[in-house]
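First the structure, in the form of structure tokens, and then the observations on it.
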Amino acid sequence: MTQSDVARHLGVSRTLVSFAMRGAPGVSEDMRRQILSAADALGYRRNVQAADLARKRPTAVGLHLVDLHNDVYADIFSGVQEVLRANDSRLVISVNATPYGPDPRALDPLFEAQVGVIIAATLLDPDERVQELNRRVPLVNVTRSVPGVDSIHSDDISGGRLATEHLLELGHRNIAHLCGPAFEGHLERRTGYRDTMLEHGLQPLIVEAAGFSRRDAAAVALDVLASPPGQRPSAIFAHSDELALGVREAAASLGLSIPRDLSLVGYDNSRVAGLHGIDLTTVDLHARELGRAAGRAAVERMLYPASPAVDRILAPALVTRSSTAALR
């Protein structure tokens, strides 16, 4: 069904139908209502891609999510959607084929949809590859900074320091950091932990899980927590709340109590962290505000494509709950 079909049905010109669809002046309100009502009855759907090509300006923004099941990315989506709705921009979504793993075709659906800007939360590719993608379609990176590419992220080095210093203030000295595989651009939390430990004359213990899932964390945490009491870490700072939950499960299976036997800190301040019975101390990266800032950056990039890349950093905040306690 096309605008020409609607025009023939009403016995008016296609130009009049086009003006009415676009809300352009020169069409009476009564005629506009008749045209829109007829279009709806006939099943007409506007071809937005064709309209974008005609005016030589895209209105669609792509959003790439590395994981649909993580609350953080749901909050980022909500923030992005809030801004784009207010700016009358369409949103097209793609999701990584493999959660938290490189996906060489992750952005292909968004390229094919001919979006004007892609908000990526989160790309695991090296900086050089992200810069190459940015030359195809402008990118807004979320939770990560890449030189020369619009980037909206939390200060993860500061966040890693906040978590580690909190545990040090509670008297812990044998503190482990449990993280996932090392990807370029996603190492700041462990850097903040490592630097803080070294500054206090302590030996960092970085434990790398096979992936970023709760199951991956539980598998590696079992080995770490099975050590004799004198050698076992008294506290663990996990790269994310999801990994912290895996540590919690491993501790429970070994009969260890949190925080009596093990203090635990996560990262993200996901909704599950605040649930009764979980009550996880964590670092808030302000995911919804990250999404809002990314949405605003995408709108600005479409309006001013030649403007310099922005790099906006949000300050994280420690949220203290009952999963951490003073060393006994």
Side-chain angles (χ1 to χ4, degrees), residues 67 69-76 78-79 143 153-180 188-190 192-193 196-197 200 202 205-207 209 212-218 220-222 224-225 232-291 314-328:
D67 183 11
H69 302 94
N70 190 318
D71 285 349
V72 170
Y73 295 102
D75 288 342
I76 288 172
S78 296
T143 73
H153 55 105
S154 179
D155 185 349
D156 280 351
I157 291 180
S158 175
R161 284 184 172 276
L162 284 173
T164 310
E165 287 169 355
H166 170 66
L167 293 170
L168 289 168
E169 289 168 2
L170 292 173
H172 297 278
R173 294 296 178 267
N174 190 358
I175 303 169
H177 176 54
L178 193 148
C179 54
E188 287 85 357
R189 297 176 194 181
R190 70 170 75 184
Y193 156 80
T196 304
M197 291 289 284
H200 285 78
L202 301 171
L205 173 58
I206 296 175
V207 180
F212 289 90
S213 72
R214 193 178 307 182
R215 180 179 297 178
D216 294 325
V220 71
L222 279 172
V224 175
L225 296 177
R232 185 178 68 224
S234 64
I236 292 180
F237 161 41
H239 175 87
S240 67
D241 291 348
E242 183 74 7
L243 293 184
L245 292 175
V247 173
R248 187 181 182 89
E249 291 174 3
S253 70
L254 294 170
L256 301 177
S257 173
I258 294 175
R260 186 191 64 205
D261 302 311
L262 177 72
S263 280
L264 181 61
V265 179
Y267 204 108
D268 292 337
N269 196 29
S270 58
R271 284 185 288 274
V272 70
L275 292 177
H276 178 71
I278 302 295
D279 212 31
L280 179 68
T281 295
T282 185
V283 177
D284 190 351
L285 51 60
H286 311 297
R288 188 159 186 146
E289 180 52 35
L290 286 173
L314 276 64
L318 182 72
V319 181
T320 307
R321 297 192 179 100
S322 66
S323 69
T324 52
L327 180 67
R328 290 172 174 266

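None of these values were measured; they are calculated from a predicted model. We use all heavy atoms of the structure for the numbers below, so side chains are in, but hydrogens, waters and symmetry mates are not.
Here CD1 of I157 is found 12.0 Å from CG of L162. Values are rounded to the nearest 0.5 Å. In this structure, H166 NE2 and L170 CG are separated by 4.5 Å, a value rounded to the nearest 0.5 Å. Rounded to the nearest 0.5 angstrom, R215 CZ and E242 CD are separated by 11.5 Å. Summarising the geometry, atom CG belonging to L285 is positioned 12.0 Å from atom NE2 belonging to H153; distances are rounded to the nearest 0.5 Å. In this structure, N70 CG and S213 OG are separated by 11.5 Å, a value rounded to the nearest 0.5 Å.
Using modelled atom types, one finds no donor on one side chain facing an acceptor on the other under 3.5 Å when comparing T196 with T164. Using modelled atom types and a 3.5 Å distance limit, the side chains of S270 and D71 yield no donor-acceptor pair. Counting only N and O atoms by type, the side chains of S263 and H172 include a donor and acceptor under 3.5 Å apart.
When every heavy atom of A244 is checked against every heavy atom of L264, the shortest pair comes out as O-CD2, 3.3 Å. Taking each heavy atom of G160 and Y267 in turn, the nearest pair found is N-CE1, 4.0 Å. The two residues A218 and A250 make their nearest non-hydrogen contact at O-CB, 3.7 Å. In terms of heavy-atom proximity, L178 sits nearest to A209 at CD2-CB, 4.4 Å.
I76 has its side chain within reach of T143: a pair of non-hydrogen atoms, C-beta onward, lies under 4.5 Å apart. Put simply, the side chain of P316 reaches to within 4.5 Å of the side chain of D155, judged on heavy atoms. At least one side-chain heavy atom of F237 sits less than 4.5 Å from a side-chain heavy atom of H177. Proximity of R271 to D75: side-chain heavy atoms (C-beta onward) are separated by under 4.5 Å at one or more points.
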Please report the C-alpha distance between L167 and T324 in whole Å, then the side-chain angles of each, then the deciding distance to 0.1 Å, and finally whether the side-chain contact (heavy atoms from CB on, under 4.5 Å) criterion is met. CA-CA 8 Å; L167 293 170; T324 52; 3.9 Å; yes
For a side-chain contact (heavy atoms from CB on, under 4.5 Å) check, start with the C-alpha distance between L243 and R214, then their side-chain angles and the critical distance, and finish with the verdict. CA-CA 5 Å; L243 293 184; R214 193 178 307 182; over 6 Å; no
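Here the side chain of H239 pairs no donor or acceptor atom with the backbone of R190 at under 3.5 angstrom. Using a distance-only test at 3.5 Å, with no hydrogens or angles considered, a donor-acceptor pair links the side chain of R321 to the main chain of L280. For the pair D279 (side chain) and S322 (backbone), a donor-acceptor distance under 3.5 Å is present. The backbone N or O of L205 sits less than 3.5 Å from a side-chain atom of Y193, completing a donor-acceptor pair. Proximity of a side-chain donor or acceptor of S323 to a complementary backbone N or O of T281 within less than 3.5 Å is detected.
Scored by the salt bridge (charged side-chain N to carboxylate O under 4.0 Å, His left out) test, D241 finds no partners at all (sequence neighbours excluded).
Checked for salt-bridge contact, D268 and R189 meet the test: a charged N lies under 4.0 Å from a carboxylate O. Electrostatic pairing of D261 and R232 does not count as a salt bridge here, judged by no charged N lying under 4.0 Å from a carboxylate O.
Across L318, V283, T282, a single residue satisfies side chain to side chain contact (heavy atoms under 4.5 Å, CB included) together with N269, and that is T282.
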